[in-house]
Amino acid sequence: MHLKDSTLLKAKDIFGIDTFGTLYYSTDDNTFNKKTKDTTITYTNFQLSEITTANAFNPLKINLFYQEFNTVIILDNRLAEVFKIDFNTTQPYKNVSFVSTGFDNTIWIFNQDLQQLELYDYKSNKIRLKTVPIQSEILDLKSDYNNCYMLTENYLYVYNYFGSLIAKHKNEGYENMAFSKAHLVLRKAESLCILSKNSGEIKPISHPNLLINQFLVTNESLYIYHDEILRQYQLKPE
């Protein structure tokens, strides 16, 4: 795997990078940033403090999850607030621990109290579908319009947008994951593995011996962030 590019960046968390090189990240003051080649625009919500996760898979409906406040904010491509979902006030109450993008006006949420994955329509405040309860601890959740990947202590579950389980892989020590249209990359300590969409097999990725602070995947590029440097590599399974 060869290095294509590296960028200096001071970020607390990097949440995404698109095919045009637009970066989505947070800084220490809990400001959400959208940085293009020419400009950086920001969004800060002083009432909600720390951003737990953010998902810019759909750049017109970016979702920011503030777990401490059990709240999701939906932003448009100018980072203007278009919708606020406060799960403390929705009926019935939901204790949400993970959030990811769905299609239309939906988000995938993990309902901590019921221990189940739900596709939630935030415009109508309805659950469109839900999975059977999960028995082990959830580690990570990633999705696009078609599939949702849920990593638990025991398994990696793959669901389609009807909520049907289409694949299940034993968790061999994976801790978290990054996802792009064609590839799911899983991290195990300082090593990375890949599950390609057209493959049912998780394979190791050869990469430089780097401490991996954070990692992202966009199409055929793997990004590793460490020591305020974002490095871009050509993605190649072994």
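Atom OG1 of Thr42 is separated from atom NZ of Lys35 by 13.0 Å, given to the nearest 0.5 angstrom. Atoms SG and CZ, on Cys193 and Arg187 in that order, are 12.0 Å from each other to the nearest 0.5 Å. One distance of note links OG of Ser180 with CG of Asp18; it measures 10.5 Å at 0.5 Å rounding.
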Query - Derivation of the ring-ring contact (aromatic ring centres under 6.0 Å, His included) call for Tyr161 and Phe103 - result: CA-CA 8 Å; Tyr161 62 91; Phe103 57 89; 5.7 Å; yes
Requested in this report: Mind running side chain to side chain contact (heavy atoms under 4.5 Å, CB included) on Leu23 and Asn33 for me, showing each step along the way?
Outcome: CA-CA 8 Å; Leu23 268 164; Asn33 299 262; over 6 Å; no
Query raised in the report: Given Tyr25 and Lys34, is the side chain to side chain contact (heavy atoms under 4.5 Å, CB included) satisfied, shown in steps?
Result: CA-CA 7 Å; Tyr25 62 95; Lys34 177 184 177 181; over 6 Å; no
Query - Verdict with reasoning, Gln232 to Ser221, per side chain to side chain donor-acceptor pair (under 3.5 Å) - result: CA-CA 6 Å; Gln232 179 188 2; Ser221 290; 2.9 Å; yes
Query raised in the report: Should Leu141 and Ile109 be marked as a side chain to side chain contact (heavy atoms under 4.5 Å, CB included) after you check the CA-CA gap, both sets of side-chain angles, and the distance that decides it?
Result: CA-CA 9 Å; Leu141 187 70; Ile109 61 173; over 6 Å; no
Requested in this report: Could you give me the CA-CA distance, side-chain angles and deciding distance for Asn171 and Asn154, then say whether side chain to side chain contact (heavy atoms under 4.5 Å, CB included) is met?
Outcome: CA-CA 5 Å; Asn171 185 346; Asn154 297 337; 5.7 Å; no
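Residues forming a side-chain hydrogen bond (donor to acceptor under 3.5 Å, both in side chains) with Asn105 (at least two apart in sequence, or on another chain): Lys61. Remark: Arg231 engages no residue in a side-chain hydrogen bond (donor to acceptor under 3.5 Å, both in side chains) (not counting sequence neighbours). Applying the side-chain contact (heavy atoms from CB on, under 4.5 Å) test to Gln214 and every residue at least two apart in sequence or in another chain returns Asp13, Ile14, Tyr225.
Using a 3.5 Å distance cut-off with no hydrogens or angles, the side chains of Glu153 and Ser136 do not pair a donor with an acceptor. Inspection of the Glu220 and His183 side chains reveals an N or O donor paired with an N or O acceptor under 3.5 Å. Side-chain N/O atoms of Tyr174 and Asn176 include no donor and acceptor closer than 3.5 Å. Using a 3.5 Å distance cut-off with no hydrogens or angles, the side chains of Glu118 and Asn111 do pair a donor with an acceptor. With hydrogens and angles left out, the side-chain atoms of Asp29 and Thr27 include a donor and acceptor closer than 3.5 Å. There is a side-chain donor-acceptor pair under 3.5 Å between Thr31 and Thr44. A donor atom on one side chain and an acceptor atom on the other are not found under 3.5 Å apart for Asn63 and Asn55.
Ring centroid separation for the pair Phe69 and Phe87 does not come in under the 6.0 Å cut-off. Taking the six-membered ring wherever Trp is involved, the centroid distance between the rings of Tyr145 and Phe57 falls below 6.0 Å.
Remark: side-chain polar atoms of Ser143 are not paired, donor with acceptor, to backbone N or O of Cys148 under 3.5 angstrom. Checked by atom type and distance alone, the side chain of Asp227 never pairs as donor or acceptor with a backbone atom of Ile229 at under 3.5 Å. Not one N or O on the side chain of Thr22 forms a donor-acceptor pair closer than 3.5 Å with the backbone of Phe20. Checked by atom type and distance alone, the side chain of Thr52 pairs as donor or acceptor with a backbone atom of Gln67 at under 3.5 Å. With hydrogens and angles disregarded, no donor-acceptor distance shorter than 3.5 Å links the side chain of Thr71 to the backbone of Tyr66.
Counting heavy atoms from C-beta outward, Leu235 and Ile194 have side chains that approach closer than 4.5 Å. With a 4.5 Å cut-off on side-chain heavy atoms, Phe110 and Met150 count as touching. Taking 4.5 Å as the limit, every side-chain heavy atom of His226 sits out of range of all side-chain heavy atoms of Ile212. Taking 4.5 Å as the limit, every side-chain heavy atom of Leu75 sits out of range of all side-chain heavy atoms of Val82. Side-chain atoms of Leu151 and Ile138, non-hydrogen and from C-beta on, never get closer than 4.5 Å to each other.
Taking the six-membered ring for Trp and thresholds of 30 and 60 degrees, Tyr24 and Phe32 have nearly parallel ring planes, at less than 30 degrees apart. Under the 30°/60° scheme for interplanar angles, the aromatic rings of Tyr122 and Phe83 are found to be tilted.
Asn70 pairs with exactly one of Thr89, Thr90, Asn88 by the side chain to side chain donor-acceptor pair (under 3.5 Å) rule, that one being Asn88.
Ionic pairing of Asp86 and Lys84 is not present here: no N-O contact between side-chain nitrogen and carboxylate oxygen is shorter than 4.0 angstrom. A salt bridge links Asp121 with Arg128: at least one charged nitrogen is closer than 4.0 Å to a carboxylate oxygen.
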